[in-house]
Amino acid sequence: MYNFKEVEKKWQDKWEKEGTFNAKEDYSMPKWFGLIEFPYPSGQGLHVGHPRSYTALDIVARKRRMQGYNVLYPIGFDAFGLPAENYAIKNHIHPKITTEQNIAHFKEQLKSIGFSFDWSREINTTDPDYYKWTQWIFIQLFKKGLAYKTTMPINFCTGCKVGLANEEVVNGVCERCGSPVVQKEKSQWMLKITEYAQRLIDDLDDVDFLEKIKAQQKNWIGRSEGAEINFKIKGTDDSLLVYTTRPDTIFGATYMVISPEHEFIKKHEDMIENLDEVKAYQEKASMKSDFERSELNKEKTGVEIKGIKAINPVTNEEIPIWISDYVLITYGTGAIMAVPAHDQRDYEFAKKFNLPIIQVIKDKNEELKEELKEAYTDIENGIAINSGFLNGLSSKEAIKKAIEYIEKNNLGTRKVNYKLRDWVFSRQRYWGEPIPMVYCEDCGWVPVPEEELPLKLPEVKDYEPGENGESPLSKQTEWIKTKCPHCGKEARRETDTMPQWAGSSWYYLRYMDPHNDQEFASKKALEYWSPIDWYNGGMEHTTLHLLYSRFWHKFLYDLGLVPTKEPYQKRTSHGMILGENGEKMSKSKGNVINPDDIIRDFGADSFRVYEMFMGPFDQTAPWSMESIRGCSKFLDRVWSLQDILVDGEEYSKEFETMMHKAVKKVSNDIEEMKYNTCVSTFMTMVNEFSKAKKINKKEYETFLQLLNPFAPHITEEIWERLGNKEELAYTPWPKYDEAKTIDETIDLPIQINGKLRANIDIKKDEEKDKVKEQVHADEKIKGYIAGKEIVKEIYVPNRIYNIVVK
RNA sequence: GCCGAUAUGGCGGAAUUGGUAGACGCACUAGACUCAAAAUCUAGCGAGAAAUCAUGUGGGUUCGAGUCCCACUAUCGGUACCA
């Protein structure tokens with residue numbers, strides 16, 4: 001009987017002691033760098049979702065080693081973050097201590113699953129030797145003008161009392177704690193990711209990411225093409241600049257709308273007749289949280305700015321200007337030309353406030369309607385009408401022509417806009433990398449000298465943020481006091497820290513050379529290991545981590561510090577593992593599966609095999625305690641094959657085709673992440689050997705090689721018992737002969753009119769005439785075609801034979 | 001609303017990419033072993049008496065469709081006054 005407890009322990013200890021899976025320093029070998037998202041070491045320990053991703057790439061890593069690659073498959077911990085800090089506030093235990101404890105627990109769990117990680121390169125984002133370089137990269141960003149401090153309305157979480165990036169606000173509430181998010185004016189460090197927007201789109205063409213990942217990144221960046229157009233303000237030299245993607249509709253612009261935060265109001269206060277009303281509206285809008293704004297998005301609100309009129313530049317008509325919060329200050333110019341006939345929001349607004357609606361586009365396939373029930377926005381079938389020089393043009397042509405006209409007459413310019421906004425990089429929190437900046441009255445913001453890095457987090461007793469949302473570090477008066485690195489005058493340190501995304505934006509680079517104290521990684525290591533050959537992680541990180549780290553990488557590339565434009569050559573993602581009831585695992589639902597229990601009861605190999613067998617890798621799958629038993633049973637049968645072992649240095653005739661087929665299938669399926677079908681191939685093989693009551697040595701050995709990446713412990717053990725001295729993990733991956741993957745005789749299906757009627761045995765690659773002879777000699781077929789006219793006979797070699805009769 | 005997935009037995013899922021639908025596993029049924037149970041082994045297992053009918057629904061292309069085309073429906077993920 002197979003004793004998984006003993007065997008798994010034995011091999012894990014050996015691997016650890018000998019550093020079996022550490023990457024080699026030999027840079028002449030072909031390399032393969034596989035990356036999984038390093039975990040946040042939470043107090044709850046490992047989730048069964050983590051090993052799904054880690055096992056998948058562990059399988060590829062192990063296969064690559066057998067294929068002769070120098071493999072880097074590293075692991076580390078993304079250990080800054082709010083839970084440790086919240087725990088500290090509650091229990092007055094330093095986050096460093098809980099983080100250390102959690103990491104120790106995680107390591108033990110990870111090691112018990114037998115991943116082939118290179119533990120000698122383990123990193124930890126909270127280690128000063130690591131965050132020294134996170135701070136260093138920030139300083140480089142600052143020096144290039146890509147980090148700047150500005151006062152701006154930010155998303156402020158009323159629960160966590162921190163500013164949040166756009167990406168961290170979900171449906172108007174905080175992604176982490178679920179508290180409402182409000183707008184608050186705060187001085188914040190920002191990173192100019194928008195400067196890289198176009199490149200972040202363009203360079204997706206050169207990498208092998210799943211299409212859905214590319215699509216999500218593109219959507220998030222949200223590129224749109226259009227024009228900025230100036231509308232003159234009557235009786236002044238001033239004008240109002242709008243952004244539109246539909247300049248072809250300009251003849252239908254019957255009013256304008258500006259956002260409540262627009263500076264236009266302040267500038268023209270003296271002209272506004274209903275200033276009180278306008279100010280009241282501004283006030284009301286500023287009180288609304290993002291959540292309320294989107295909640296109320298059914299009913300439009302707004303106020304006309306009386307006393308001021310704009311001029312439509314093509315019709316020369318006077319049009320009113322309104323203020324409304326459906327126009328966002330953060331997108332475009334914060335002002336729009338409203339074309340109610342051809343924009344649904346403008347249409348609703350115009351209906352509510354009785355503003356004129358002029359149709360300037362009609363559908364080419366329909367008669368013009370007297371009155372619109374909704375805005376007509378179809379760009380494919382639209383034809384310009386009531387539009388002067390644009391009349392008769394298709395919408396697409398009209399857009400081109402309108403932009404030409406606008407540019408020729410100095411009314412505006414073509415313009416590309418992005419939804420992507422700059423990255424709010426400050427957190428008013430303790431447990432993060434201190435932002436290495438000093439404020440001097442005379443010199444402004446000055447970076448901490450690079451030789452003084454790392455700027456360590458001071459030890460504190462009080463982790464509470466200030467009432468107004470200041471960082472806990474703002475209470476560390478001694479620490480804050482410093483000299484200006486530039487002029488030497490009294491100055492104060494920045495008390496904000498970096499967001500959790502900082503440390504994970506470049507960690508993969510550190511793995512290449514983790515102990516270097518001169519550079520974040522040596523040129524040689526970077527040249528050799530870049531880019532990452534395969535990165536697997538969750539879809540939830542597609543718009544945050546993935547985008548941020550691509551941005552940082554491109555920045556480092558521009559400085560000549562990394563050799564590739566893109567960090568990740570290939571990106572795939574895994575599906576979530578749900579609870580047994582088909583719902584997301586959560587403590588409150590009581591459906592959480594603890595990996596420790598599974599490993600205790602079934603062993604690491606069963607756990608790994610089950611997670612790969614449970615369903616298609618990229619799709620969500622519910623956990624099943626009953627199914628894992630089947631995988632455990634399978635491994636017991638693999639072990640029992642030792643009882644029916646016979647001699648044989650080559651495949652036996654009986655199993656030759658099956659062996660070649662299996663090598664081919666498993667080799668290909670691993671590359672396509674079809675792990676579930678690999679496992680079923682293994683099971684089928686075991687069934688065949690068991691049925692025949694024999695397996696020869698060569699067959700057993702090949703089988704163990706194929707299974708090794710999935711179930712490394714049991715396969716190593718049997719391998720050793722077969723008398724092999726060297727480790728299975730480094731034996732060459734089995735090869736197959738294409739010609740031998742097809743059976744000598746084929747059970748050919750015969751169809752009559754597409755319906756299966758019989759099967760006959762034919763020889764492999766038999767000529768059509770011979771097959772035809774055999775088919776027509778078959779008694780069953782004779783019966784079916786007797787007295788009928790044969791219209792056609794189709795033979796797909798080795799596949800199928802179909803007779804069409806009338 | 002927009003973007004992206006998914007839909008096949010009681011369940012998880014397979015199908016060489018247009019060629020025998022239901023591989024493999026779970027559950028279930030029967031048998032062997034056992035005083036008995038568990039474990040293990042052996043056999044069966046979409047529906048139907050059969051002709052046949054079956055891959056979310058309705059059309060189409062084809063000798064042949066789970067797979068391709070058109071029109072829908074449902075579920076999941078992402079995103080949203082983005083002008």
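Given the structure is predicted, the values throughout are model-derived calculations rather than measurements. Keep in mind that the numbers below use all heavy atoms, side chains included, and drop hydrogens, waters and symmetry copies.
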Sugar-phosphate, base or nothing in reach of A/Q751, heavy atoms under 4.0 Å: base
For B/rU34, the Watson-Crick or wobble partner whose two distances fall under 3.5 Å: none
Quiz item: A/R799 side-chain donor-acceptor pair to B/rU20 base, under 3.5 Å: no
Pairwise P distance for B/rU8 and B/rG58, with rounding to whole Å: 16 Å
Sugar-phosphate, base or nothing in reach of A/T245, heavy atoms under 4.0 Å: sugar-phosphate
Syn-anti status, with the boundary at 90° from 0, for the nucleotide B/rG60: anti
Side-chain ion pair, A/R629 and A/E626, N-O less than 4.0 Å: no
Sugar-phosphate, base or nothing in reach of A/R223, heavy atoms under 4.0 Å: nothing
Salt-bridge criterion met for A/K740 and A/E656 (N-O under 4.0 Å): yes
Most 5' of A/Q619 and A/M576 on RNA chain B, judged by nearest nucleotide: A/Q619
Touch class at under 4.0 angstrom, heavy-atom based, for A/N417 against every strand present: nothing
5′-ward residue of the pair A/C631/A/G332 relative to RNA chain B: A/C631
d(CG, A/L210; P, B/rG78) in whole Å: 17 Å
Spacing of the C1' atoms in B/rG10 and B/rU79 (rounded, Å): 37 Å
Gap in Å between the two P atoms, one belonging to B/rA36 and one to B/rC11, rounded: 36 Å
Interatomic distance where CG belongs to A/L748 and C1' belongs to B/rU20 [whole Å]: 10 Å
Span that lies between the C1' atom of B/rC28 and that of B/rG12, in whole angstrom: 16 Å
Touch class at under 4.0 angstrom, heavy-atom based, for A/M539 against every strand present: nothing
A/K674 vs B/rA23: side-chain N/O to OP1/OP2 distance below 4.0 Å: no
Sugar-phosphate only, base, or nothing, as touched by A/G222 at under 4.0 Å among non-hydrogen atoms: nothing
Donor-acceptor pair (no angle test) under 3.5 Å: A/K218 side chain, B/rC3 base: no
Watson-Crick/G-U partner (both atom distances under 3.5 Å) of B/rA71: B/rU57
Side chain to side chain contact (heavy atoms under 4.5 Å, CB included) between A/I628 and A/V609, intermediate numbers included: CA-CA 8 Å; A/I628 192 171; A/V609 168; over 6 Å; no
Neighbour count >12 (heavy atoms, 6.0 Å) for atom NZ, A/K764: yes
